[in-house]
Each structure stands twice: as structure tokens, then as C-alpha cells.
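Data first, discussion second: the structure below is written as C-alpha cells.
Hydrogens, waters and symmetry mates are skipped; everything else that's a heavy atom, side chains included, is used.
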Amino acid sequence: MKTRIFVASALALAILAPAAHALTVENQDKSAYTIKVVPKGGKEMDLAVKAGAKADVDCKMGCQLSFNGNTQNIDGKLAKIVIKYGKFAM
């Protein structure tokens with residue numbers, strides 16, 4: 001009986017737990033954007049975010065996001081950043 005309760009509890013926590021250190025970029029504009037992502041200790045990559053969509057990026061050690069002349073340094077604790085009117089908003 002105790003084993004079933006333990007397994008059910010572990011499964012519930014796994015379902016409810018968010019992705020560890022994932023940064024969600026939400027684009028609230030009507031235009032699609034490509035964001036340059038430079039993770040600490042990693043190499044630069046491009047992240048495409050469609051209009052009205054969300055995209056996840058791994059920033060567990062922190063990263064730098066750049067687009068449209070805006071640059072934002074992100075620590076590993078921030079969970080979400082929003083693009084609104086062509087700029088980053090938190």
C-alpha cells in the first residue's frame with residue numbers, strides 16, 4: 001500500500017514540475033523574430049520565435065539574448081521573458 005502511494009506521489013510531482021532552468025521566450029507581437037542566444041560556456045545559436053508563439057531555451061548557467069539592437073543578460077533563475085513591441089519585457 002505504501003509503495004503505491006509513493007509511486008503515485010512521485011508521478012504527480014514529475015507531471016507538475018516545470019522544466020529545470022528552461023527560459024521561455026514569449027512573442028506577443030504579430031511579427032516573427034530570430035533571437036541570438038549565447039549561453040555561458042556554449043556557442044551562439046539562433047532561436048526563431050513565431051508571432052504569438054513561445055519557445056524554450058536552456059539557460060541553466062545563464063545566457064545572453066540579442067535582437068533588434070536589444071541585448072539582455074539572463075541569469076539561470078529567470079523563467080520567462082516577453083517580446084512586446086519589438087523589445088524585451090520582463
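- With sequence neighbours left out, the side chain to side chain donor-acceptor pair (under 3.5 Å) criterion links Gln72 to no other residue.
- Considering every non-hydrogen atom in both Asn68 and Gly86, the closest pair reads ND2-O, 3.6 Å.
- Applying the side-chain hydrogen bond (donor to acceptor under 3.5 Å, both in side chains) test to pairs two or more places apart or on separate chains, none has a residue in residues 81-90.
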Using the side-chain contact (heavy atoms from CB on, under 4.5 Å) rule, take Leu65 and Leu47 through it: C-alpha gap first, then chi angles, then the decisive distance, then the call. CA-CA 10 Å; Leu65 305 177; Leu47 177 68; 5.9 Å; no
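- Taking the side-chain contact (heavy atoms from CB on, under 4.5 Å) definition, one finds that Asp75 meets it with Lys77, Leu78, sequence neighbours left out.
- Residues Pro39 and Cys63 approach most closely at CA-CB, 3.6 Å, considering heavy atoms.
- Under the 3.5 Å distance criterion, the side-chain polar atoms of Asn27 are matched with a main-chain donor or acceptor of Asp29.
- In the hydrophobic clustering of ILVMFWY residues, with side-chain heavy atoms under 4.5 Å counting as a link, Val38 and Ile74 come out apart.
- Across all their heavy atoms, Ile81 and Ala89 have their closest contact at CG1-O, 3.6 Å.
- Under the 4.5 Å side-chain contact rule for hydrophobic residues, Val25 and Val82 do not share a cluster.
- When each of Val37, Ile35, Thr71 is paired with Ser66, the side chain to side chain contact (heavy atoms under 4.5 Å, CB included) condition holds for Thr71 and for no other.
- Judged as a salt bridge (charged side-chain N to carboxylate O under 4.0 Å, His left out), and not counting sequence neighbours, the contacts of Lys36 are Glu44, Asp46.
- A heavy-atom distance below 4.5 Å is not found between the side chains of Asp56 and Leu23.
- Evaluation of the ring-ring contact (aromatic ring centres under 6.0 Å, His included) test over residues 44-69, restricted to residues two or more places apart or in two chains, returns Tyr33-Phe67, Phe67-Phe88.
- Applying the side-chain contact (heavy atoms from CB on, under 4.5 Å) test to Ala53 and every residue at least two apart in sequence or in another chain returns Lys50.
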